[in-house]
Each structure stands twice: as C-alpha cells, then as structure tokens.
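What you see below is based on every heavy atom in this structure, not just the backbone, and it leaves out hydrogens, waters and symmetry mates. Numbers here are sequence positions counted from 1.
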Amino acid sequence: MSELSVSIPTSVVLCTWLSLLVCLLVPLGGYAALQIRRQHVSLSFLWGILTFLVASVLVRNIIIGILLPGLPGYAWLQANPWAMGLVYGLSAGILEECGRLVVLANFMPRNRRYVDGLAMGLGHAWLEAILVAGLGLVSNLAAFSAVQNGVHLQLEAEQAMEIVQAVQAITVQDTLLVAAERLMAMVMHVAFTLMLLNGLREGRPVRGLLLAVGAHSLVDSITSIIVAYLPLSTLALEGIVLAMTAPLGWYAFWVRRRFQELRRA
C-alpha cells in the first residue's frame with residue numbers, strides 16, 4: 001500500500017471546474033435564454049437530448065462496439081486508420097442526422113421554428129458534452145482531490161506513481177481546450193439541426209438530410225483521420241476543428257433569414 005501526496009496547480013483545478021461548468025451550463029443557458037423570452041422550446045430541447053441518446057449512445061455504440069467487430073473486413077479496417085475514420089464519421093453523420101430528421105418530421109410538426117432548431121441542437125450538444133467531456137472532467141477533479149490529500153492507493157508503488165504522473169501531466173491548456181471543443185460542437189449540432197429543419201420547411205427534406213449528413217460526416221471523418229496520421233498538438237487539432245466550425249456557424253446565422261422569409265410567405 002502506498003500513500004502519495006502531490007500538489008496540483010490551482011490554475012489547473014480552476015480551469016477544470018471552468019470547463020466542466022461550460023459543458024454543463026452553456027447549452028442549458030442557451031435553452032434558458034430562449035425560455036425566458038417565452039419561446040416555449042422545452043419540447044425541442046428534450047427531443048434533442050432523446051435523439052442523441054437513442055441514435056448515438058444506443059444504436060451507434062451497438063453498431064460500432066458490437067456488430068462492426070464481427071464483420072469479415074474488420075481487421076482490414078483496423079489496419080487502415082483512414083477507412084476506420086470514414087466509418088466513424090459516416091456512422092455518426094448518418095445515424096444522428098437520420099434520427100434527428102425522423103424526430104423533426106414525425107414528432108415535432110408544430111415545432112419547426114428557427115428557435116426550435118436552436119433548442120434541439122442545444123439539447124443534443126448538452127448530453128454529448130456530459131458524456132464525452134463532463135464525466136472525464138469529474139474524474140479528473142476526483143483524481144486531483146485524491147492525489148492532493150495523500151490517499152492510500154492500494155497499488156504497487158510503480159502503479160501509484162503512474163497515476164500521479166498522469167494527473168500531473170494535465171495542463172491548463174488541455175483543460176481549456178476541452179471547453180473550446182464542446183462550444184464548437186454545440187455550434188455544429190445547432191447548424192446540422194437547422195439544415196434538416198430548413199429542408200423540411202422548404203419541402204426538400206432529402207436535400208436537407210444530405211447536407212447535414214455530409215457536413216457531419218466530413219467533420220468527424222477528417223478529425224479521426226488527422227488524429228490517426230498526423231502528430232499534431234491538441235491546440236493545432238482544435239484549430240483545424242475551429243476552421244470547420246466557422247462556416248457552420250455562419251450557416252446557422254445566415255439561415256435565420258430563410259425561416260423569416262418562409263414565415264412571411
């Protein structure tokens with residue numbers, strides 16, 4: 001049994017808390033702001049959460065984690081990161097966007113305003129932020145507390161030291177980039193939802209679906225392939241993600257005019 005007590009920089013702890021609050025509160029804050037303005041978007045926000053839960057957490061994880069490894073060509077996919085990256089990207093794009101379109105077309109016939117697209121995207125982003133980043137940040141905070149308080153680690157000294165070194169390797173930059181990544185993901189999911197919603201409102205749901213699936217799959221595939229082949233720093237990788245987020249953010253802003261024009265028509 002080993003007892004280790006290590007000091008973690010206050011800046012790292014504070015930034016971890018900040019990133020956690022961003023993951024938890026920013027999408028909720030966006031939803032609350034819409035509600036305060038009496039936009040009545042609770043149903044749209046909840047549908048966004050449910051859509052991500054079913055399409056990604058349940059269906060996609062079953063396909064990627066259980067069904068895919070059993071396919072004859074799985075070994076080839078593992079040996080070719082570019083192919084695996086395409087699979088990851090296409091599976092996310094197809095399943096999540098088809099799931100969103102099914103919900104929008106069948107369960108939200110009276111919730112197809114611009115603000116409903118915002119709320120549904122925020123709901124999707126909120127649950128994703130919790131599962132993708134929030135749980136990890138909570139784990140880091142627990143590890144900080146354990147290491148700082150000199151917790152008895154029922155491990156070999158070498159194993160205990162590895163844990164301490166892993167905790168000490170966490171930097172302010174890496175922690176803040178988690179928050180930045182989640183903010184960019186929020187913008188993306190809002191844009192994807194608006195693509196689908198605009199397609200439905202214009203009577204061109206297939207075009208909206210192809211646009212959303214294509215954009216979503218492209219972002220996820222490029223990110224996966226870059227991680228597999230290029231030894232980029234986390235900061236450089238997030239810079240690339242930002243470059244892909246910018247046009248999506250522009251689209252989310254631009255398409256508002258289309259909703260206003262259709263409402264006046």
For the student: nearest non-hydrogen atoms of Pro27 and Val22, plus distance: CD-O, 3.6 Å
Minimum side-chain heavy-atom gap Met195-Arg207 below 4.5 Å: no
Nearest atoms (heavy-atom pairs only) where Gly89 meets Ser221: CA-OG, 3.3 Å
Pair Ser42-Tyr31, side-chain donor/acceptor within less than 3.5 Å: yes
Any Thr223 side-chain heavy atom under 4.5 Å of Tyr88 side chain: no
Side chain to side chain, Met108 and Val103, heavy atoms closer than 4.5 Å: yes
Validation row: Leu20, Leu24 side chains within 4.5 angstrom (heavy atoms): yes
Check: Phe45 and Met120 side chains under 4.5 Å, non-hydrogen atoms: no
Rounded distance (nearest 0.5 Å) linking atom CG of Leu237 with atom CD1 of Ile222: 11.5 Å
Whether over 12 other heavy atoms sit under 6.0 Å from Trp17 CH2: no
Residues Arg60, Glu96: salt bridge by 4.0 Å N-O rule: no
Rounded distance [0.5 Å steps], CG in Leu177 versus CD in Gln173: 5.0 Å
Side chain proximity check, Val219 to Leu248, heavy atoms < 4.5 angstrom: yes
Over all atoms of both residues, closest heavy-atom pair of Asp174 and Ala169: OD2-O, 4.5 Å
Atom pair OG (Ser224) and CG (Asp220), whose distance is rounded to the nearest 0.5 Å: 6.5 Å
Non-hydrogen side-chain atoms of Val12 and Phe144 separated by less than 4.5 Å: yes
Heavy-atom side-chain proximity of Leu118 to Val41 below 4.5 angstrom: no
Distance flag, aromatic centroids of Trp82 and Tyr229, threshold under 6.0 Å: no
Main-chain N/O of Val178 paired to Ser19 side chain as donor or acceptor, under 3.5 Å: no
Distance in Å, Arg112 CZ paired with Arg110 CZ, rounded so as to fall on 0.5 Å steps: 11.5 Å
Donor-acceptor pair between Gln35 and His40 side chains, under 3.5 angstrom: no
Minimum heavy-atom distance Asn198-Phe259, with the two atoms named: N-CZ, 3.9 Å
Distance (rounded to the nearest 0.5 Å) between Ser91 OG and Ile63 CD1: 7.5 Å
Rounded distance (nearest 0.5 Å) linking atom CH2 of Trp126 with atom CE of Met186: 14.5 Å
Taking every non-hydrogen atom, the tightest pair across Val172 and Cys15: CG1-SG, 3.5 Å
Minimum heavy-atom distance Tyr251-Leu194, with the two atoms named: OH-O, 3.9 Å
Check: Asn61 side chain, Val57 main-chain N or O, donor-acceptor pair, under 3.5 Å: yes
